[in-house]
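Okay, so here's the structure we're looking at.
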Amino acid sequence: MKRTISRITALGALLAMTATIPAGAKGNGNGGINPSMMQELRQSYTPDAAARALSNAAAFTSLDKLASTPSQLSAADAHFSHRVPSKGITDQKSSGRCWLFTGLNVLRAQMMRQHGLPTLKLSQNYNFFYDQLEKANLFLQAIIDTADKPMTDRTVDFLFSNPVSDGGQFTGLSDNIMKYGVVPAEAMCETFSAENTSQLRRLLSLKLREDGLKLRESAAKASPEQLKTEKTAMLKEIYGMLARTLGVPPTEFTWTRRNKDGKALSTKTYTPQSFYKEFAGNDLKKNYVMLMNDPGREFYKLYEIDLDRHTYDGENWTYVNLPVEDIKQMAIAAIKDSTAMYFSCDVGKFFDRKRGVLDINNYDYDDLMGVTFGMDKADRIRTHASASSHAMTLVAVDLDKDGKPLKWMVENSWGPGANDGHLIMTDKWFDEYMFRLVVDRKYVPKRVLDILRQTPITLPAWDPLFQDM
């Protein structure tokens, strides 16, 4: 999952890093690899026959294949003691919209269950249009708000480094849907630029950076109303760019409800807001709690990520940090009650794509490389080695006879694949690489709900846990 607003550029990060190195530590001749050290390094590697054979294999084979363990040879155990009913796999294609697909998949499962709908597809493109427009406004207004700061200011650099992205998280989803509603997929279909967002994102970012510079120049002499007028003119151009590539979002549409045999039951005209109210109706801002497992920070505290929101008038990303066992209990309660959940994790770690299995025993990198990879979850977070990279929908858990979880399953948004488009994760993998879960308040204990009354501890937007991976 990509971050909503920007990340420090590689050059900016390098300049910031080198600026902190004491002058005396640069080029003094003591820190380089000298001939004596090189000789020592060369002598340290004396491969035996097995090491030479491995080196030969590595020249033509991926490291993951070489590190694969025998467990990959067997099919994944797809039995789950508790599973949320769900039907239909979505595909985000070449885009970073996993957060949006996940949120809409959670709502889709709920709407189908509550209204007896045999199938339902919601339009990701509709909400994505407004997400991009709102992020553009957020960037431009933030540029106005920081116009008195130099370009070298870290916040200003943060804004300009990536003015708009296709990534996000649940807070942005809740702001978007509560403001704009949802529509069925047929009311606003996917387009090439919706499914392949990189080119559109690049052009939007280029235009916004240009507009940002103009606003900074105007801010020194223009009144607030003049700046607002100038920003609105810029947003008109952004709206046009989005309309040309994504289509124009409907303000109303006609939708026919059908039974499992395809027979029409009713036909009505809706607005996006009235459709959401009739078939979902959840208050996404008040009824849900975002939970985080970050063992590097104090548990049972409320945290807020500065500058991380999708709309200027929306909410910053706010979450309760909890031990993983606490989060599991709420997840189990929701699944037993047939409720799917927004879930995010570091999906690329120990992932066997062919089997659709996430298991820390999938690969033995230690023996392959002849070293020990010994960092725990907290160390991986603070050294940028691990963070949430993908959102999916948590739909199943397999409990043993004592009620302890053995494995979990998520509905993915990568189209058809292993396990009918689902990923299976072991409970141990869940411990190490699960980061966030969004849970309906009714499954959250009072002692956790009470934490929401705390004044949040604010973390900077460039905190290691929230970097793009």
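A heavy-atom distance below 4.5 Å is found between the side chains of Gln124 and Arg97. Using a 4.5 Å heavy-atom threshold, the side chains of Lys277 and Gln273 count as separate. Using a 4.5 Å heavy-atom cutoff, the side chains of Leu140 and Met234 are in contact. Annotation: side chain of Phe128 is not in contact with side chain of Phe101 (no heavy-atom distance under 4.5 Å). Contact check for Pro85 versus Ser338: side-chain heavy atoms found under the 4.5 Å cut-off. Within the 4.5 Å cutoff, side-chain heavy atoms of Pro249 are placed close to those of Tyr126. The closest side-chain heavy-atom distance from Met434 to Val324 is below 4.5 Å. No side-chain heavy atom of Met341 sits under 4.5 Å from any side-chain heavy atom of Met330.
In this structure, Lys179 is not positioned above the aromatic face of Tyr130 in the sense of NZ or CZ being under 6.0 Å from the six-membered ring centre and within 45° of the axis.
Contacts classified as side-chain hydrogen bond (donor to acceptor under 3.5 Å, both in side chains) and involving residues 366-377 (residues at least two apart or in different chains) are given here: Asn293-Lys377.
Looking only at distances, a side-chain donor or acceptor of Asp352 sits under 3.5 Å from a matching main-chain atom of Lys354. Judged by distance alone, with hydrogens and angles left aside, the side-chain atoms of Arg113 form no donor-acceptor pair with the main-chain N or O of Thr339 at under 3.5 Å. A donor-acceptor pair is defined here as one N or O able to donate and one able to accept, closer than 3.5 Å; no such pair exists between the side chain of Thr102 and the backbone of Trp99. Thr191 contributes a side-chain N or O that, together with a main-chain N or O of Ala194, makes up a donor-acceptor pair within less than 3.5 Å. With hydrogens and angles ignored, the 3.5 Å screen pairs a side-chain donor or acceptor of Asn419 with a backbone N or O of Arg355. In this structure, Ser274 contributes its side chain and Tyr270 its backbone to no donor-acceptor pair below 3.5 Å. A donor-acceptor pair is defined here as one N or O able to donate and one able to accept, closer than 3.5 Å; such a pair exists between the side chain of His422 and the backbone of Asp420. With hydrogens and angles disregarded, a donor-acceptor distance shorter than 3.5 Å links the side chain of Asp440 to the backbone of Lys442. Checking side-chain atoms of Arg216 against main-chain N and O of Asp148 turns up no donor-acceptor pair under 3.5 Å.
Remark: of the listed residues Leu302, Asp450, Val444, Val439, Leu302 is the sole one forming a side-chain contact (heavy atoms from CB on, under 4.5 Å) with Val320. Of the residues Ile424, Thr426, Thr69, the one that meets the side-chain contact (heavy atoms from CB on, under 4.5 Å) test with Asp359 is Thr426. Glu304 pairs with exactly one of Thr318, Thr455, Thr171, Asn316 by the side chain to side chain donor-acceptor pair (under 3.5 Å) rule, that one being Asn316.
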_Would Phe160 and Phe139 count as a ring-ring contact (aromatic ring centres under 6.0 Å, His included) here? Give the steps._
CA-CA 8 Å; Phe160 272 103; Phe139 168 77; 5.6 Å; yes
*Apply salt bridge (Lys or Arg N to Asp or Glu O under 4.0 Å) to the pair Asp427 and Lys328, showing each step before the final yes or no.*
CA-CA 10 Å; Asp427 189 57; Lys328 287 179 184 179; 2.9 Å; yes
*Test side-chain contact (heavy atoms from CB on, under 4.5 Å) on Leu399 and Lys404 and set out the steps.*
CA-CA 5 Å; Leu399 303 178; Lys404 300 295 184 182; over 6 Å; no
*Going through the checks in order, is the side chain to side chain donor-acceptor pair (under 3.5 Å) test met by Tyr443 and Asp337?*
CA-CA 9 Å; Tyr443 306 114; Asp337 197 29; 2.5 Å; yes
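Summarising the geometry of Ile89 relative to Asn412, their closest heavy-atom pair is CG2-O, 4.1 Å, with the distance given to 0.1 Å. Contact detail for Asp166 and Gln132: the closest heavy-atom pair is CA-NE2, 4.1 Å. In terms of heavy atoms, Gly247 sits closest to Met188 at O-CE, 3.5 Å. In plain terms, the two heavy atoms of Asn125 and Leu246 that are nearest each other are ND2-O, 2.9 Å. Residues Tyr319 and Leu459 come closest through the heavy atom pair OH-CD1, 3.6 Å. For Trp429 against Asp346, the heavy-atom pair with the smallest separation is CZ2-O, 3.4 Å.
Every residue two or more places apart in sequence or in another chain that forms a side chain to side chain contact (heavy atoms under 4.5 Å, CB included) with Arg447 is listed here: Tyr300, Asp326, Pro445. For Lys260, the salt bridge (Lys or Arg N to Asp or Glu O under 4.0 Å) test picks out no residue, with sequence neighbours left out. Checked against ring-ring contact (aromatic ring centres under 6.0 Å, His included), Phe435 has no partners two or more places apart in sequence or in another chain. With sequence neighbours left out, the ring-ring contact (aromatic ring centres under 6.0 Å, His included) criterion links Tyr288 to Phe170. The salt bridge (Lys or Arg N to Asp or Glu O under 4.0 Å) search around Lys93 returns Glu195, not counting sequence neighbours.
Ion pairing between Arg108 and Glu411 holds under the 4.0 Å rule for side-chain N and carboxylate O. Using a 4.0 Å cut-off between charged nitrogen and carboxylate oxygen, Glu190 and Lys121 do not count as a salt-bridge pair. Classification of Asp398 and Arg83 as a salt-bridged pair fails, no side-chain N sitting under 4.0 Å from a carboxylate O. Between Asp175 and Arg309, no side-chain nitrogen of the basic residue sits less than 4.0 Å from a carboxylate oxygen of the acidic one, so the salt-bridge criterion is not met.
Using a 3.5 Å distance cut-off with no hydrogens or angles, the side chains of Gln169 and Tyr342 do not pair a donor with an acceptor. Between the side chains of Asp145 and Tyr312, a donor-acceptor pair is found at a separation under 3.5 Å. Between the side chains of Asn321 and Asp294, no donor N or O sits under 3.5 Å from an acceptor N or O. Side chain to side chain, Ser388 and Ser344 meet the donor-acceptor criterion of an N or O pair below 3.5 Å. Inspection of the Thr458 and Asp306 side chains reveals no N or O donor paired with an N or O acceptor under 3.5 Å. Glu252 and Thr271 share no donor-acceptor pair across their side chains, judged by distance under 3.5 Å alone. For the residue pair Lys231 / Gln141, a side-chain donor-acceptor distance below 3.5 Å is found, with atom types taken as modelled. There is a side-chain donor-acceptor pair under 3.5 Å between Asp131 and His310. For Ser413 and Gln92, the side-chain atoms include at least one donor-acceptor pair closer than 3.5 Å.
Applying the 6.0 Å contact sphere to CE of Met369 captures no more than 12 heavy atoms from other residues, nucleotides or ligands. For Gln199, the CD atom counts as loosely surrounded, since its 6.0 Å shell holds 12 or fewer non-hydrogen atoms of other residues, nucleotides or ligands. Remark: Asn287 CG is packed, more than 12 non-hydrogen atoms of other residues, nucleotides or ligands lying under 6.0 Å away. Within 6.0 Å of NZ in Lys228 there are 12 or fewer heavy atoms belonging to other residues, nucleotides or ligands.
Between Phe275 and Phe279, the two ring planes are tilted [angle within 30° to 60°]. The aromatic rings of Trp414 and Phe351 lie tilted to each other, with the angle between the two planes from 30° to 60°.
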